[in-house]
Undergrad: 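Before I ask anything, let me first share the structure, which is written out below as structure tokens.
The chains referred to below are lettered A, B, ... by the order of the sequence lines, with proteins before strands, and numbering in each begins at 1.
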Amino acid sequence: MIEAWKRHKLERVLAPHTAAEGGSDGAPGVAGRARRAALLRSEDLLTSTALGALAVAPAALSWAVLQHGAEPLAGAAWPDEAPAGAPDWEFWPRMPPDPRDGGEWVEPDVVLRWGERVIVFEAKHHGAQRAGQWIRQCRAVLAREGVAAARLAFVSLGGTQPAADHALAAALRAAEDLGDVSVHRLEWRRLNRALSTARPAALDPGLARLLDDAQAFLDAAGHHDRRGLWTLPAAVRAIGAAPATLPRAEGVQ
Amino acid sequence: MTTSPDDMHHALAEVRRAARVLAAWQQRVNEVYFETHRALEDAGLAHRWSGSNRTAPLPKPSQVPYAPHRWPWDLLPGLYLASEWVGAGPAGQVRVYMALDTDTAFAVAPQQPGQGPDPERFPGVDDPVSRTELWLGLYTVTPADPPWAEVRGSVLADRWREGLERELAWEHAGWRGTYACRCVPVQALVSAEAVQARLVGPLLSWVQPRLA
């Protein structure tokens, strides 16, 4: 979230809400609830909270989370081993479009440079992914980074549509110069799950807190496994057993 | 027969609890169906239909639904849900049927005349015949799109359990194909990884080669 603040992303979310935030009893008022809902709908906050946590986590852990969460759509699979060198995460870099694409500047959500590899993340929360946007981003990143397409991985982060994702990936790889790009899908829910499953048992408390916070935000935004089948025992316990004896019903003789 | 207000009070508390447990169960059933649906759609199958096998549709709002002859189970359709997905592979149509049987004792409980199994005479919930199971029916068919209810009835007649052990070849009125089935014990689905390992993964490993 700090990345969103640093890059003036928060204003876009907060500007429409100028009314008093709290009610007279201290509980969030209508404007406060609307503002909170707007924050949770923001793909920029979600991106910076989740991937921002990975940006400061140890490299091996970040790679393990991405590897656990990413699913292949087309091209080479996600490598088992992290590339050599330190990862360099860049949020919302702006870059000129490839001359073939023209139009406005391009702004992928995240560009991750890691050794010889470059990984582009395009995030969607409530919107759908679009092949045209993927193509513009990949061409612009290739031009800027000067790497071969085979070194470029594209990650569709959220906004997945099972029936369409493979077609989008195929469209990307059918574009001129992009045939060797590997395309992956990373659902928010899988990312949240991977933040648990890839986490080592012993973790620095500060880092654990950071990952917990990222997961709490993903949970709040609805990307959670709270209702997986395996949570049924906890739900049944929470509902509680009917007591063996009950106080007499009020108003009944 | 009369009862005491205390007994009624207690029985109604049980009903309220049962309704809450059933809602919590259905929430989670929705999740597992959705995850399976996404995986199958991703593999290239399309959802064909979903419904309940043991209940009739609710009547139109203008009809009185509470007649004594009405199955009480009709108002609990989530107890036996089924869905089917269909795709086209090089060797013919690929069909996946998934059914969730919340209580297998339904099939063996004594019947009440005209009202289905009598809930008061079910075997105990800890009886071996009372289990919660997910069933997967895995079919290939050629040529595509036969009158499926008729064909499936013929394929399954008396032999459906054989599909647990091996893939059966079948033929009916000019259509032919294969059939196998899997039974996933729901108590084994104890984590997201277990759902993948016991349900989604095996399903995809059957589907994907047949669509390739």
Undergrad: For A/R185, is it the side chain, the backbone, both or neither that has a heavy atom under 4.5 Å from a heavy atom of chain B?
TA: side chain

Undergrad: Less than 4.5 Å apart, any side-chain heavy atom of A/T160 and any of B/R38?
TA: yes

Undergrad: Taking everything shown except B/R198 itself, do over 12 heavy atoms lie less than 6.0 Å from its CZ?
TA: no

Undergrad: As an exercise: rank B/H37, B/Q187, B/E41 by heavy-atom pairs under 4.5 Å with chain A and give me the winner.
TA: B/E41

Undergrad: Is A/R189 salt-bridged to B/E31, going by a charged N under 4.0 Å from an acidic O?
TA: yes

Undergrad: Is B/Q111 atom CD crowded by more than 12 heavy atoms from other residues, nucleotides or ligands, each under 6.0 Å away?
TA: yes

Undergrad: For A/T197, is it the side chain, the backbone, both, or neither that has a heavy atom closer than 4.5 Å to a heavy atom of chain B?
TA: side chain

Undergrad: Restricting to non-hydrogen atoms, name the atom on B/R28 and the atom on A/G228 that form the minimum distance, rounded to 0.1 Å.
TA: CG-O, 3.5 Å

Undergrad: Would you say A/L232 and B/W25 make side-chain contact, with heavy atoms under 4.5 Å?
TA: yes

Undergrad: If you count every heavy atom of other residues, nucleotides or ligands that lies below 6.0 Å from B/R131 atom CZ, does the total exceed 12?
TA: yes

Undergrad: By a 4.5 Å heavy-atom criterion (distance strictly below it), what part of B/V21 contacts chain A: side chain, backbone, both, or neither?
TA: both

Undergrad: What heavy-atom pair brings A/L229 and B/V29 nearest, and what distance separates the two atoms?
TA: CD2-N, 4.4 Å

Undergrad: In terms of side-chain geometry, is the basic nitrogen of A/R193 or B/E193 positioned less than 4.0 Å from the acidic oxygen of its partner?
TA: no

Undergrad: Is the shortest heavy-atom distance from the side chain of B/R17 to the side chain of A/V236 under 4.5 Å?
TA: yes

